[in-house]
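Heads up, the thing below is written out as structure tokens.
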There are 2 protein chains.
Amino acid sequence: MTTSAPDPFAVWLPLARAHKTILTAVETALKQAGLPGLDWYDLLWELECAGDTGLRPYELQEKLLLPQYGVSRLADRLARAGYLTRQDCSGDGRGQVLLLTPEGARIRAQMWEVYAAAMEPAISSHLSTGEARRLAELLGKLLRPAPADKI
Amino acid sequence: MTTSAPDPFAVWLPLARAHKTILTAVETALKQAGLPGLDWYDLLWELECAGDTGLRPYELQEKLLLPQYGVSRLADRLARAGYLTRQDCSGDGRGQVLLLTPEGARIRAQMWEVYAAAMEPAISSHLSTGEARRLAELLGKLLRPAPADKI
DNA sequence: TGAATGTCAATGCATCTGCATCTAAATTCC
DNA sequence: GGAATTTAGATGCAGATGCATTGACATTCA
């Protein structure tokens with residue numbers, strides 16, 4: 001053991017800053033296009049991936065890292081906008097299944113155009129392909145279950 | 001030109017997820033310690049760096065990437081808590097200077113302990129020193145002014 | 001079976017945020 | 001100098017969030 005322990009702030013500070021910068025750029029682009037925000041996109045995308053079987057709110061909670069009431073109210077807004085429907089859950093009287101509507105799929109597709117377009121200048125233009133790959137890989141390491149050994 | 005353009009989402013998705021995970025961990029630790037959130041910390045830290053000359057709200061706005069009203073109201077809360085003082089700005093009758101109070105410095109120091117302790121398991125334990133250095137470097141690239149050439 | 005406990009989802013309340021607007025002072029321009 | 005414009009900061013209002021709690025159903029276990 002010779003190398004010093006990594007300074008977490010040397011990672012965290014630029015990570016937080018990059019996140020805020022990119023997020024702001026995307027949200028601004030969406031707003032300017034008269035479209036909903038990224039939180040709506042994320043939920044719609046998960047529903048789209050889930051297909052006809054839909055998703056339970058608690059599943060979205062895990063996938064989106066949102067608190068329970070966050071999913072509940074986000075789903076409210078999306079339902080009021082007509083982008084999803086709540087359906088009683090056969091087999092669990094407490095629960096429900098959220099299903100994407102065609103309008104939901106349509107708006108998600110529209111949002112995707114703007115989203116992807118905003119990513120280019122925010123990310124792609126700053127990195128070579130190799131750098132992007134390496135960055136993605138290193139960020140992935142932060143997401144793995146805690147190592148238990150190191151430090 | 002042979003390599004394909006980098007996929008920005010391969011970077012953005014883990015970046016956003018890592019951000020949320022780490023942020024939640026830190027905020028949870030702070031809350032559990034009965035301390036204010038990271039937004040308070042960031043402002044207090046900038047004031048501490050600024051020293052006796054303090055900072056103008058519009059300077060904080062740039063440093064913290066917050067909207068104007070965000071700084072205005074965050075400063076309100078910190079002032080009400082006794083962690084900073086607003087002082088009329090000599091030379092600009094519209095403006096003011098924000099100054100850290102001793103209590104502000106003290107709470108920031110307390111927060112730092114918890115903040116740093118939460119970083120270890122969230123970041124350091126996942127990366128070697130070399131990986132952390134490389135990750136910090138790559139994240140830094142995302143923050144540089146737009147290249148104008150690429151893409 | 002039925003009481004105790006656990007899980008799914010909604011909601012009241014206080015706080016925070018975003019947007020637009022407002023006031024006051026500074027600067028520009030004639 | 002004085003009107004028009006710009007800049008610094010505050011704020012009313014609507015909508016979003018966090019926290020704690022509630023209501024309804026499921027599950028466990030005696």
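Model, not experiment: these values are computed from the prediction. To find a chain, count down the sequence lines: A is the first, B the second, and so on, and within it residues start at 1.
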**Item:** A:Asp88 CG - C:dA10 P separation (whole Å)
**Value:** 11 Å
**Item:** Value in whole Å for how far the C1' atom of D:dA10 lies from CZ of B:Arg86
**Value:** 9 Å
**Prompt:** When the distance from CG of B:Leu66 to P of D:dG9 is rounded to whole Å, what number comes out?
**Reply:** 14 Å
**Heavy-atom pair with the smallest gap, counting every atom of A:Pro6 and B:Leu127** = CG-O, 3.6 Å
**Message:** For D:dA10 and B:Ser72 - does any side-chain N or O of the residue sit under 4.0 Å from the phosphate oxygens OP1/OP2?
**Reply:** yes
**Request:** Could you pull out the closest heavy-atom pair between A:Leu99 and A:Gly51, with the gap in Å?
**Result:** CD2-O, 4.1 Å
**Item:** Exercise: identify the closest heavy-atom pair between B:Leu35 and B:Met111
**Value:** CD1-CA, 3.9 Å
**Request:** Could you check whether the rings of B:Trp12 and A:His19 sit parallel, tilted or perpendicular, using 30° and 60° as the cut-offs?
**Result:** parallel
**Item:** For A:Arg108, the option from A:Glu46, A:Glu48, A:Glu113 that meets salt bridge (Lys or Arg N to Asp or Glu O under 4.0 Å)
**Value:** A:Glu48
**Request:** Decide, yes or no, whether a salt bridge links B:Glu137 with B:Arg134 under the criterion of side-chain N to carboxylate O below 4.0 Å.
**Result:** yes
**Asked** Rounded to whole angstroms, how far apart are CD on B:Gln32 and C1' on D:dG18?
**Response** 16 Å
**Asked** What bend angle does the helix from C:dT1-D:dA30 to C:dC30-D:dG1 show across its length, from five-pair end axes and to the nearest 10 degrees?
**Response** 10°
**Shared hydrophobic cluster, A:Leu13 / B:Trp40 (ILVMFWY, side-chain heavy atoms < 4.5 Å)** = yes
**Asked** In residues 41-64 of chain A, which residues come under 4.0 Å of DNA chain C by heavy atom?
**Response** A:Arg56, A:Pro57, A:Tyr58
**Asked** Taking the side chain from B:Arg56 and the backbone from B:Gln96, do they hold a donor-acceptor pair closer than 3.5 Å?
**Response** yes
**Atom-to-atom span, CG of B:Leu84 to C1' of D:dG9 - whole angstrom** = 15 Å
**Donor-acceptor contact present, side-chain B:Lys20 to main-chain A:Leu64, <3.5 Å** = yes
**Asked** Could you write nucleotides 16-25 of chain C as a row of B, S and -, 5' to 3', where a protein heavy atom under 4.0 Å of any base atom gives B, of only sugar-phosphate atoms gives S, and otherwise -?
**Response** SBBB----BB
**Prompt:** If you look at every heavy atom in B:Gly54 and B:Ala50, which pair is closest and at what distance?
**Reply:** O-CB, 3.6 Å
**Request:** Please state how far atom CG in B:Leu98 lies from atom P in D:dA8, giving the value in whole angstrom units.
**Result:** 14 Å
**Asked** Taking all atoms of both residues into account, what is the closest heavy-atom pair of A:Ala136 and B:Pro14, and its distance?
**Response** O-CG, 4.4 Å
**Between C:dT15 (C1') and B:Glu27 (CD): distance, integer Å** = 15 Å
